[in-house]
Amino acid sequence: MALERTLSIIKPDATRRNITGKVNAMLEEAGLRIVAQRRIWMRKHEAEAFYAVHKERPFFNDLVQFMTSGPVVVQVLEADDAVALNRRVMGATNPADADEGTIRHTFAESIEANSVHGSDSVENAAIEIGYFFSGTEIVG
Ligand code: IDP
Ligand code: MG
């Protein structure tokens, strides 16, 4: 196991319900360390670029609209095996399929408004972290 970093986003459905602290508590209890964090309101072109891999998917426009519908909290999480660990803590994309005790099972409203984003590979984590943070903003 290697010390890794992954990008996490607390999505607008969670900021709207004022549960960013509850989400952070679940991340921290799982052993993920928040080594950078910033609250932002993404512009349309920023969300489109972030989700560019999904641009051919039928839900792309709705997803961009949702992700720009309110503030989000972008964060860098650090732990051994952080990418896979965060995916386990998040739970399945569709909260109906998410295991009990996961963030999405606990908090998600729908398959779209599912409270958190997490990088899906170490390679994508590096790209996604670089999209939002410079090296000096990450304090391990
Ligand atoms: P992930 O967030 O679990 O990695 P992805 O397949 O990468 O899931 O999808 C990115 C985001 O797009 C999801 O978190 C969710 O917000 C949204 N999404 C995924 N599938 C659907 C869908 O079938 N309908 C509506 N939104 C979806
Ligand atoms: Mg994904």
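Read the numbers this way: they start at 1 and go in the same order the structure lists the ligands and their atoms.
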Would you say CZ of Arg33 has more than 12 non-hydrogen atoms from neighbouring residues, nucleotides or ligands within 6.0 angstrom?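 Not buried by this count: 12 neighbours or fewer within 6.0 Å.
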
Using a 4.0 Å heavy-atom threshold (strictly under), name the region of [X] that reaches ligand 1: side chain, backbone, both or neither.
X	result
Arg87	side chain
Ile111	both
Asp62	neither

With respect to atom 14 (O) of ligand 1, which of Lys11, His117, Met67 exhibits the smallest heavy-atom separation?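 Looking at heavy atoms only, the winner is Lys11.
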
Counting only heavy atoms, tell me which of Phe59, Phe66, Tyr51, Phe60 gets closest to atom 18 (N) of ligand 1.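 It is Phe59 that holds the nearest heavy atom.
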
Between the main-chain N or O of Val83 and the side-chain N or O of Glu4, is there a donor-acceptor pair closer than 3.5 Å?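 It does hold such a pair.
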
Would you say the side-chain atoms of Ser119 pair up with the backbone N or O of Leu7, donor to acceptor, closer than 3.5 Å?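 Yes: the side chain of Ser119 pairs with the backbone of Leu7.
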
Parallel, tilted or perpendicular: which one describes the rings of His117 and Phe50, with boundaries at 30° and 60°?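 It falls in the perpendicular class, over 60°.
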
At what distance is the nearest protein heavy atom to [atom], and which residue and atom is it?
atom	result
atom 16 (O) of ligand 1	Glu112 O, 2.8 Å
atom 2 (O) of ligand 1	Arg104 NH2, 3.0 Å
atom 6 (O) of ligand 1	Arg57 NH2, 3.7 Å
atom 9 (O) of ligand 1	His54 NE2, 3.6 Å

Heavy-atom check, side chain of Asp99 versus side chain of His105, under 4.5 Å: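 The answer is no; the side chains never approach within 4.5 Å.
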
Report yes if the side chains of Phe107 and Met26 come closer than 4.5 Å at any heavy-atom pair, otherwise no.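 Side chain of Phe107 against side chain of Met26, heavy atoms only: contact under 4.5 Å found.
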
